[in-house]
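Lettering follows sequence order; numbering is per chain, from 1. Values below: every heavy atom of this structure, side chains too, minus hydrogens, waters and symmetry copies. Since the structure is predicted, the reported quantities are computational estimates derived from the model, not experimental observations.
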2 protein chains.
Amino acid sequence: MSIVLLAKDLGLSISTVSRALNGYDDVSAATRERVTLRAKAIGYRPNPSARRLGAGSTSAIGVILPAASSTGQAVDSMYSSLLGGVVTEIEPAGYHLLASMQAKPDAAREAALYENFIRGGWVDALLIVRTRVHDARLDLARAAKVPFVTYGRTESEQPYAWVDTDNEKAFQLATTRLLDLGHRRIALINGPEEYYFAQLRRRGYLRALSGRKLKADPAWMLHGDLTEASGHELCRSLLIQRPAPTAFVCATDAMAFGAIAACREAGLAIGSDVSVIGYGNSSLSAFCDPPLTTMEHQVFENGRYVGRALLQLLRKEIKPADVHYLEPVVLVPRKSDGPAPR
Amino acid sequence: MSIVLLAKDLGLSISTVSRALNGYDDVSAATRERVTLRAKAIGYRPNPSARRLGAGSTSAIGVILPAASSTGQAVDSMYSSLLGGVVTEIEPAGYHLLASMQAKPDAAREAALYENFIRGGWVDALLIVRTRVHDARLDLARAAKVPFVTYGRTESEQPYAWVDTDNEKAFQLATTRLLDLGHRRIALINGPEEYYFAQLRRRGYLRALSGRKLKADPAWMLHGDLTEASGHELCRSLLIQRPAPTAFVCATDAMAFGAIAACREAGLAIGSDVSVIGYGNSSLSAFCDPPLTTMEHQVFENGRYVGRALLQLLRKEIKPADVHYLEPVVLVPRKSDGPAPR
DNA sequence: GGGGTGATCAAAAACGTTTTTGGCTTGGGA
DNA sequence: TCCCAAGCCAAAAACGTTTTTGATCACCCC
């Protein structure tokens, strides 16, 4: 009964108070001033539920976090930073982040979760992360006419709003660096094949190789699940091949740490016998031994970009086709790579 | 206009449909069956906003993530797992997690955020993380009569619901282990002093020392901000003292990695010249060199416990005073510690 | 002076539920 | 036969906004 109290207190009608507070232009500046002042003094806050019901919008942005594939438990810590960035932007605009999670990777359950989120009217817009090569979630969102932006691209006929890092260029860069160091046997320890970023990374890797007229060996392009354990296992399987690779480009720093552990177990000196490059510039990469050569990208900043795009989309200030932000990735040279051994 | 359509379709009144769907017992089993079936067939979902307005509850649980103190940007990745656990539990019960974030550590702004969350009617319950020794947030929640559970304890006269890990025992355990290995000069690289867990860890550390009739040197109990960089810096400042510590107990694995880097720079061999114990058993700790001796606690599982407690609190099945879960911490011995040097 | 045009505000109708209140059966006990 | 309770359901009143519609008034121009 709050707005009616305020209205009574002011001697105005409910609608005038509402319109004053919401910045409509058919209420005089003087009245608006009077209303906002009194509202603040009285400590009036519009009830969000009522506001949602009345306006038909929820002022919430939804995201469904993917469960890590291996354990089915932990969430990729990258998302903390991403969501941090998103929230930083949407918070001042009065939006909140409604986060749900997939307990286990399961396509049917995933669809149901998104269904519920969208059709149930929980959120005004959607953030879709960890995009796949072909991603049914885009169709779901489109069908329900819910604005969305994806973090990571996908193969889609129709235009859509995306923010992504330049995976292809990044891995081309890293691979070229290793080629310049004299390596000729370079392995790619990639992420899960179904994700689009893995495709792009392979593309960059291949592009670098073919730039030197080198043929890629399919046996040296492996897919894992982004964890240390996976990097460790894949690297070990590569090291027993003859000839073995002398360099490894990894999809995450975590995988790189796993690979380094495997190399060390094989008695190889990191940075001389064998070279390893990671991805992500995790806070640890500068402090391990040897410090990890890796590729930096600004997850938090990307999150902010996503948040801004979402806001603009909601306000219809921009069309999905115009939200295309490709973050350049920079290589951070440290000590985990070096000239190819003789 | 959804429930009225369904009601019309069924030839029942709106209220009967609502009551049937919500499991009231004054509607016959047969009617309930008929309604639920038809609802599913027709694809009816109650509009959450309307439901909230009608029932006065939001079916959302709020959490405000603290910004990492150093960068003001990234979020501690531990929260990914914690929130993952929470969501896993509350999702099936129809609850969602409403996450907000503090852009920067700032007491006034924090209070405003919580104010808005609670008084604004955004959430039904609150999860309070990273508790401080004296924590004003509890009073805020109590004053607004919003159920809450804290992750981590605090000093409070009144009973409250908490889930925590046994920080004190953990650090007593770790310190005792080092004492058993012959170390007599053990430093504590702790987290920020304001957080209660830091107090508890120091208490455990001190208890272990006094168990051997040893005096603690205040100069060897340092506080940092949980990051690698901080661990690195603190450890370096300790190593230039004469005599220098021979062992370090660290508040996080990240700090331990930083400390290890500092030791290595000082030309010390980890596990023989100097011993380091971490906390958290991060996925990396098994793969670094040497593998890190650390303390494991199950963040995801704790999150599930928190979720369940929240649900029970909301249903009034339990009183805050009865939610006291202290997770035992287990030490994972690896190779970063060893007998004290002569 | 009359008709149109803005500017300002009031009244009332949505929005889609939940919850309260009370009415109508039916059956059993006195 | 009458009364009462229990079981089932309908009607209507909340819930607190936003938005639409329309009324009133002043003003200006012709």
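- With contacts defined as side-chain heavy-atom distances shorter than 4.5 Å, the pair A:Thr150/A:Val163 does not qualify.
- Ring-plane geometry between A:Phe117 and B:His96 is classed as tilted, the angle between the planes lying from 30 to 60 degrees on a 0 to 90 degree scale.
- Between C:dC15 and B:Asn47, no contact under 4.0 Å exists linking OP1 or OP2 to a side-chain N or O.
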Report the C-alpha separation of A:Ser15 and A:Ser18 in whole Å, then their side-chain angles, then the decisive distance to 0.1 Å, and conclude whether the side-chain hydrogen bond (donor to acceptor under 3.5 Å, both in side chains) test is met.
-> CA-CA 5 Å; A:Ser15 67; A:Ser18 170; over 6 Å; no

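- At whole-Å resolution of the value, CG in A:Leu5 and C1' in D:dG16 are 11 Å apart.
- Spacing between atom CD1 of B:Ile3 and atom C1' of C:dG16 amounts to 8 Å, rounded to whole angstrom units.
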When every nucleotide of nucleotides 6-13 of chain C is labelled 5' to 3' by its protein contacts under 4.0 Å (heavy atoms), B for base, S for sugar-phosphate only, - for none, what sequence of letters results?
-> --BBBBB-

Step by step, would you call B:Thr165 with B:Tyr151 a side-chain contact (heavy atoms from CB on, under 4.5 Å)?
-> CA-CA 9 Å; B:Thr165 59; B:Tyr151 188 60; 4.0 Å; yes

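- For the OP1/OP2 pair of C:dT20 and a distance below 4.0 Å, the side-chain nitrogens and oxygens of B:Tyr24 include no atom meeting the criterion.
- Between B:Ser28 and B:Arg34 the shortest side-chain heavy-atom distance does not fall below 4.5 Å.
- D:dC9 atom P lies 16 Å from atom CG of B:Asn22, rounded to whole Å.
- Rounded to an integer number of Å, the gap from CG of B:Leu10 to C1' of D:dC9 is 13 Å.
- If you check the side chains of B:Tyr114 and B:Arg137, you find a donor sitting under 3.5 Å from an acceptor.
- If you measure from atom CG of B:Leu53 to atom C1' of D:dT18, you get 12 Å, rounded to the nearest angstrom.
- Nearest nucleotide to the B:Ser2 side chain, out of D:dC15, D:dT19, C:dT17: C:dT17.
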